[in-house]
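Note that ligands are numbered from 1 as they come in the structure, with each ligand's atoms numbered from 1 the same way.
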Amino acid sequence: ERKVKVTSTSDEPVSPASLICDPCETLGACFERHIDKSLAPKERDDQELFYAFALSVKDQMLPKWRATRQQDREAGNKRVAYLSLEFLMGRALSNALLNLDMNQETEQVLKDYAVALEQLEEQEHDAGLGNGGLGRLAACFLDSCASQDLNVTGYGIRYEYGMFAQKLWDGYQVERPDRWLRDGNPWEVRVPSHNVTVPFFGHTESYIDRDGKRQYTWVETQDVLAVAYDMPVPGYRNERINTLRLWKSEATDDFDLEEFNQGDYTEAVARKNLAEQITMVLYPNDASENGKELRLRQQYFLSSASLQDLLNTWVSQHGADFTDFARQHVMQLNDTHPSVAIPELMRLLMDKYGLGWDQAWTITSQTMAYTNHTLLPEALERWPVRMFAHMLPRLLDIIYEINARYLDMVAHHWPGDGDKLRAMSIIEEGDEPHIRMAYLAIVASFSVNGVAGLHTQLLTSGLFKDFYALWPEKFNNKTNGVTPRRWLAQSNPALAQLLNKRLGEGWVKDLSRLSALNAFTDDKELIKAWQAAKQSNKRQLAALVKQECGVSFDPKMMFDVQVKRIHEYKRQLLNILHVIHLYHLIQQGKLTDITPRCVLIGGKAAPGYAMAKLLIKLANNVAHMVNSDPLVTPYLRFAFYPNYNVSAMERICPATDLSEQISTAGKEASGTGNMKFMMNGALTIGTLDGANIEMLEEVGEDNFFLFGLTADEVEALKPHYDPQHFIAKSQALSEVMSLLESGHFNLLEPGIFDPIIDSIRCPKDPWMIAADFESYRLAQVQAAKSYRDPHHWTQMSIRNTAASGRFSSDVTIGQYRDEIWGIA
Ligand code: GLG
């Protein structure tokens, strides 16, 4: 057997286990070698077989990965760095096999080992390095960038502990740590040649240089080592392998030198933990800020390490000449989380490479681009100036200088308007002054984008109105999308095969081709096959729900699903109230409008978000009552799905009939789950919020169950909102409230749901549950009626899939490429 020693330059990915690897080795030979050489010599259980197999698939990628790097280096094309504190990647194996077109070969190889691919896939731990939409969007974008042959690198953090695992105890959420790396991560490659050090604390000193110019240095810092771990991101059948570079924090060897010198060796070594803490755990908050010092440390750690990496690569090729740097780079900031990259780039260019302010500013403001993901005030990051002064003193100097120069411009634009200056300043004054990170990001970026049409419109007319007046050209919309590889081709093989048969395989790369389905909506054969695919997916989900929730779902009933983070604005409560309403109707024998349905809710609540956790308890208690009443279960079943994550969505989405996208209008920036369901042929019941609006535009009102107040109406109603009025007006809601208030769902725990009841009855309820209930109920009646005509329902389902082409992240990334990044 011929074995070739692979040599490589420092920039190329090499995995230790693959040092001896024949580039022409087959997958099978590779697998055999890893079983032999990379595993401990004990029982070969599924976990170990998965590990060896994943290593083999990675080995198959290595030559392409190296070639991609080399090609990008030689072509000298512009490169994009996607900076994000979250990449919610999920599992990698099935996606890699699909994109690399290795499914057939895999089947052959695994036959010899009498193991099924699904068995191995189940062994892989989700890479849960994100909370929800924002992190999953980053993952979909990476897939689209690679699949469109774009030179885009993801930069993130290699958290030791990802998103917590959710358990249920007596219907309450309990959090368990997610040690996803415990069994090792076969996909990652540690690249010590890219180590950089990141400074913290200390103070700034100034001095006069040889040319008589004042210069600044940041001294007596405590440095932390950033170690790069690379993960391959294979494009769809195009030979490109992009990189997701995740940073791990470690102690530098001279950490706490003083203590070493004082002879306190063990103490000093033990203190190294402080450095390692930075990348220990993902903050589990979605759409709300954390405000914790450690979080700022993570943000700076990621920003500094990534920028140093980009600058080092540049300098190794061009020397310290930055004339062309801005033409060759874009840094896309995924929300304000990495926006401290702005003053950090200024610092590196000025303090490390000696550029003057103006040149550094030109480069910074021509390379930074900012994506905003939310209008919720609680999610807008503000850091106390005090914290910056202590942790990042040099950056604070720079932010003050940016602010001073920018406020001159504001003063020029609005002469004599002190209020404007105060309102627009990057520094928010007060007893405890804060830095407004979104303002910093807008001031320093050449592009600011929202993530759906309505969202961008609300940004420019509301939250960022003044900035829009100053710089209209910066603002643009990029409606989100999701990757059709993972979310259709991979997770819904039944439907994918059907699409392949009807349309060929082109849709995987060009989702607009799905619109050809519209020609077949009367085709009986297609309708039958479409229904069969859905039924088979529903049977699989039913088995999973039985296993995870202990509830029997009947595939003949309508599957009505709401899975996403638990948040008041997403209004899981509206859904639960509707379940209570149906339960009540059925118990009273009022069955005329009832279509048998199985309702599934799933999602995690931030551990500190009491109201969201209470909603989980309510869902579980209502589910218990529904499922234990034999009069009710022929018509209604209700389950809360524990530990909802990417892998769960891959099974839930293909089996869903009705997708709940019911946020208060104006609150959900875009949503991306809504798009996954649509692609998989679910019908949506939804409000005019986020990307729902664009989905409705594509599919038409006849194929969508629309309800609720518009964003404008919500705003207009706010000052005189009277929930009692809406409750009194709706018999259904009055009865639901009475039942809830009677303690029917919490007999053993009196009063526990009072905060929920009070929130509905409170005139300040920002989510306007009572206002939208009746219109929601009527839309549900409509959906129930429609479902009773399977032929027509299926036609609507086909039309939804057909109209989903615009929500491929390939389309979104095409727009980023052309309108923001300007790359080939
Ligand atoms: C946000 C929003 C979602 C959006 C997602 C991706 O809440 O509406 O779809 O980002 O842009 N904080 C988020 O998860």
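Partners of Lys509 by side-chain contact (heavy atoms from CB on, under 4.5 Å), not counting sequence neighbours, listed by chain and number: Tyr236. In this structure Leu129 satisfies the side-chain contact (heavy atoms from CB on, under 4.5 Å) test together with Tyr159, Trp180, Leu246, sequence neighbours excluded. Contacts of Tyr370 classified as side chain to side chain donor-acceptor pair (under 3.5 Å), with partners at least two apart in sequence or in another chain: Asn372.
Between His567 and Tyr609, the ring centre distance stays below 6.0 Å. Between Trp821 and Tyr816, the gap from one ring centroid to the other is short of 6.0 Å.
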Verdict with supporting geometry, Lys564 and Glu660, salt bridge (Lys or Arg N to Asp or Glu O under 4.0 Å): CA-CA 10 Å; Lys564 49 181 78 241; Glu660 301 268 349; over 6 Å; no
Pairs under 3.5 angstrom, nitrogen or oxygen on both sides, ligand 1 versus protein: list them out, please.
from, atom 1, to, atom 2, distance (Å)
ligand 1, 7 (O), Tyr569, OH, 3.3
ligand 1, 7 (O), Glu668, OE1, 3.2
ligand 1, 8 (O), Glu668, OE1, 2.6
ligand 1, 8 (O), Ala669, N, 3.4
ligand 1, 8 (O), Ser670, N, 3.0
ligand 1, 8 (O), Gly671, N, 3.1
ligand 1, 9 (O), Asn480, OD1, 3.4
ligand 1, 9 (O), Gly671, N, 2.8
ligand 1, 10 (O), His373, ND1, 3.4
ligand 1, 11 (O), His373, ND1, 2.6
ligand 1, 11 (O), Asn480, OD1, 2.8
ligand 1, 14 (O), Leu134, N, 3.1

